Amino acid sequence: MKAAFFREHGPVEVLEYAELPDPVPGPGEALVRVRAVALNHLDLHVRRGLPGLKLQLPHIGGSDIAGEVAALGEGITGWEPGDRVVVNPSVGCGQCEWCVMGEESMCVRFRIIGEHMPGGTAEYVTVPAANLYKIPADYPFEQAAAAPLVFATAWRALITQGRLRAGESVLIVGAGGGVATAAIQIARLAGAKVFAASRSREKLERARELGADELLDSGEDFSREIWMRTGKRGVDVVLENVGAVTWERSLRSLGRGGRLVTYGATTGPQVPIDVRQVFWKQYSISGSTMSNRHEFATVMRLVFWERRIQPVVDRVLPLSEIREAHRLLESAEQFGKVVLTP
Ligand SMILES: NC(=O)c1ccc[n+]([C@@H]2O[C@H](COP(=O)([O-])OP(=O)(O)OC[C@H]3O[C@@H](n4cnc5c(N)ncnc54)[C@H](OP(=O)(O)O)[C@@H]3O)[C@@H](O)[C@H]2O)c1
Ligand SMILES: [Zn+2]
């Protein structure tokens, strides 16, 4: 099959587009004919290399897969070749204390398709059949591929970990990002007032179309601006993923009793915390990673079957343009998701 992959970690130039052997589904697995695959910032982190991440090379990335079931391994019922699906990228061991609790993304052997396992930047991929999610016959694959990882991540971060409720306010930083464009819509659906911060005026206008109420320049002191626009109150929840560059301003944007949820470190992982600020204003700081199955199914239903929230596709490129796709994300030129078609 044709695939996009790398044989060693490094810059965009390590990416290749060439032939690799077709994968064969093992017991409990499905072979998916990939029709579209969306990139995530994760693909850049994995390509560059992450501490402790040992990959089997060559590595095929791509966590957001939409396609058709092509074949089934032993022991699978309920699926037929030709079924249209997206794939839940979170894979738990099913046996540890956290999996037993239903918390796959806290699994001690947690894996992500496209990171710890071969992903979907290829014509075919094998995935656990338990991770398949059926999509409607008329839902375009290019749109569908832009949904799974970002909506699942945004749902858990905002609704589960952030406990966002109707009538509250939330700040979403890096508004043009994939997860952020999902989060703006979920926050809006939850009945919250949405503050969106981006470095780009144009992206802020698009964030407004998605439901953002207040637009902020993330190159400026947006915490001061929030302070003024909220009558010196601050917001209830901050969704932080930009990391080192925005952290201090994000934390300062919280009102008393506010909750900051972090799920990313795009600009670096080391951040300062003044504990006096945390205890005096009684902040909560929590982390969030991917989702459990229940959160995944809930948010996918809202995307695919109720159509109350929509994946945001910046552009669709042929898979052979894998380097250009990585470059777009690296330079944050995109708004929403970059999708590739094999
Ligand atoms: N824990 C998890 O489960 C999980 C899941 C998904 C993603 N993540 C992490 O979350 C982060 C975002 O992921 P994504 O896929 O949504 O990324 P993305 O689509 O590449 O978006 C990242 C956004 O961050 C903003 N940004 C980047 N550099 C910045 C800078 N120097 N200053 C201010 N803003 C900057 C940009 O927003 P503007 O262009 O609007 O300024 C950019 O669009 C990544 O680090 C990713 O690894 C974690
Ligand atoms: Zn487990």
Side-chain angles (χ1 to χ4, degrees), residues 38-48 50 53 61-64 89-112 114-115 146 148-158 160-161 172-184 196-207 210 212 215-220 222 239-247 249-250 261-269 286-293 295-296 311-314 325-339:
L39 287 191
N40 288 280
H41 213 91
L42 178 64
D43 292 295
L44 312 186
H45 294 310
V46 172
R47 191 201 71 224
R48 292 176 196 137
L50 287 165
L53 179 67
S63 306
D64 269 330
S90 294
V91 181
C93 72
Q95 284 164 359
C96 76
E97 172 183 358
W98 311 103
C99 284
V100 169
M101 272 175 10
E103 291 291 6
E104 286 83 20
S105 73
M106 290 161 73
C107 173
V108 293
R109 286 175 286 274
F110 184 56
R111 292 179 298 164
I112 299 177
E115 180 177 0
L149 193 148
V150 293
F151 275 98
T153 301
W155 185 270
R156 181 175 176 86
L158 272 180
T160 308
Q161 306 294 70
I172 294 166
V173 286
V179 182
T181 53
I184 292 168
S198 169
R199 295 164 299 173
S200 149
R201 193 71 230 168
E202 200 186 316
K203 290 189 192 181
L204 285 173
E205 285 309 325
R206 298 189 63 185
L210 291 181
L215 310 179
L216 302 156
D217 184 343
S218 63
E220 303 277 322
F222 56 81
L239 205 57
E240 170 52 53
N241 65 96
V242 175
V245 166
T246 49
W247 175 269
R249 289 172 288 156
S250 290
V261 183
T262 171
Y263 63 86
T266 308
T267 59
S286 48
S288 196
T289 279
M290 304 293 281
S291 74
N292 63 32
R293 278 177 197 286
E295 291 155 339
F296 184 80
V312 179
V313 176
D314 176 80
H326 274 237
R327 192 197 63 74
L328 284 165
L329 254 68
E330 209 141 53
S331 55
E333 282 174 42
Q334 89 293 0
F335 181 82
K337 307 284 290 171
V338 175
V339 175

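Order of appearance sets the numbers: ligands from 1, and atoms from 1 within every ligand. Quantities reported herein were computed from a predicted structural model and do not represent experimental measurements.
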With a 4.0 Å cut-off on heavy atoms, is Val150 touching ligand 1? no
Quick check: does any side chain N or O of Asn241 sit under 3.5 Å from a backbone N or O of Val173, one acting as donor and the other as acceptor? yes
Which heavy atom of the protein is the closest neighbour of atom 16 (O) of ligand 1, given with residue, atom name and distance? Val179 N, 2.9 Å
Can you find an N/O atom of Gly336 closer than 3.5 Å to an N/O atom of ligand 1? no
Quick look: Ser200 vs ligand 1, heavy-atom contacts under 4.0 Å, and the answer is neither
Counting only heavy atoms, tell me which of Arg199, Glu202, Met290 gets closest to atom 32 (N) of ligand 1. Arg199
Suppose I only count heavy atoms of Ala265 and a 4.0 Å limit; which atoms of ligand 1 are within that range? 45 (O)
How wide is the angle at the Zn ion (ligand 2) between SG in Cys107 and SG in Cys96, to the nearest 10°? 110°
To check your reading of the model: name the closest protein heavy atom to atom 9 (C) of ligand 1, its residue, and the distance in Å. Tyr263 O, 3.6 Å
Which residue supplies the protein heavy atom nearest to atom 24 (O) of ligand 1, what is that atom called, and how far is it? Val242 CG2, 4.0 Å
With a 4.0 Å cut-off on heavy atoms, does Ser288 reach ligand 1? yes
I'd like to know if the side chain of Arg206 and the backbone of Ala175 have a donor-acceptor N/O pair within less than 3.5 Å. no
Angular separation of Cys93 SG and Cys99 SG about the Zn ion (ligand 2), given to 10°: 120°
In terms of atom number and element, which parts of ligand 1 are under 4.0 angstrom from non-hydrogen atoms of Leu149? 5 (C), 6 (C)
Locate the shortest heavy-atom distance separating Leu215 from Leu204; write the atom from each residue and the value. CD2-O, 3.5 Å
Output for pair (Leu216 CG, Arg249 CZ), nearest 0.5 Å, gives 10.5 Å
Checking Ser105 side chain against Thr289 main chain: does a donor-acceptor pair fall under 3.5 Å? yes
Would you check, one step at a time, whether the test side-chain contact (heavy atoms from CB on, under 4.5 Å) holds for Val338 with Leu329? CA-CA 8 Å; Val338 175; Leu329 254 68; 3.5 Å; yes
What protein heavy atom sits nearest atom 17 (O) of ligand 1, and how far off is it? His41 CB, 3.3 Å
Find all atoms of ligand 1 within a distance of less than 4.0 Å from any non-hydrogen atom belonging to Thr267, and give their numbers and elements. 28 (N), 29 (C), 30 (C), 31 (N)
Min heavy-atom dist Ala175 to ligand 1 below 4.0 Å: yes
Is there a heavy atom of Gln334 sitting under 4.0 angstrom from any atom of ligand 1? yes
Backbone N/O of Phe335 and side chain of Asp314: donor-acceptor pair under 3.5 Å: yes
Glu333 versus Ser331, side-chain donor and acceptor atoms under 3.5 Å: yes
Regarding ligand 1, does Gly176 bring an N or O atom to under 3.5 Å of one of the ligand's N or O atoms? yes
Would you check if the side chain of Arg47 reaches a backbone N or O of Gly61 as a donor-acceptor pair within less than 3.5 Å? no
Can you check which of Glu330, Glu333, Arg206, Lys203 brings a heavy atom nearest to atom 39 (O) of ligand 1? Lys203
I'd like to know if the side chain of Lys203 reaches the main chain of Ala197, judged simply by a donor and an acceptor atom lying under 3.5 Å from each other, with no hydrogens or angles considered. no
Taking atom 21 (O) of ligand 1 as the reference point, the nearest protein heavy atom with its distance: Gly177 CA, 3.1 Å
Which residue and heavy atom of the protein sit nearest atom 38 (P) of ligand 1, plus the separation: Ser198 OG, 3.4 Å
Thr246, any N or O under 3.5 Å of ligand 1 N or O: no
At under 4.0 Å between heavy atoms, is it the side chain or the backbone of Val173 that contacts ligand 1, or both, or neither? neither
For the side chain of Thr267 and the backbone of Val245, is there at least one donor-acceptor N/O pair under 3.5 Å apart? yes
Is the shortest N/O to N/O distance between Asn241 and ligand 1 below 3.5 Å? no
For Gly264, counting its heavy atoms only, list the atoms of ligand 1 lying under 4.0 Å from any of them. 9 (C), 10 (O)
How does Lys337 reach ligand 1, if at all, at less than 4.0 Å between non-hydrogen atoms: by side chain, backbone, both, or neither? neither
Distance-only donor-acceptor check, side chains Ser250 and Glu240, under 3.5 Å: yes
Between Glu103 and Asn292, do the side chains contain a donor N or O and an acceptor N or O under 3.5 Å apart? yes
Could you tell me whether Arg111 and Glu115 have a side-chain N and a carboxylate O separated by less than 4.0 Å? no
Nearest protein heavy atom to atom 37 (O) of ligand 1, by residue and atom, and its distance? Gly174 CA, 3.3 Å
Would you sort out whether Glu205 and Arg201 count as a salt bridge (Lys or Arg N to Asp or Glu O under 4.0 Å), showing the intermediate values? CA-CA 6 Å; Glu205 285 309 325; Arg201 193 71 230 168; 3.4 Å; yes
Is there a donor-acceptor pair closer than 3.5 Å between any side-chain N or O of Glu104 and the backbone N or O of Arg293? yes
Atom 44 (C) of ligand 1: closest protein heavy atom, distance to 0.1 Å, is Thr266 OG1, 3.3 Å
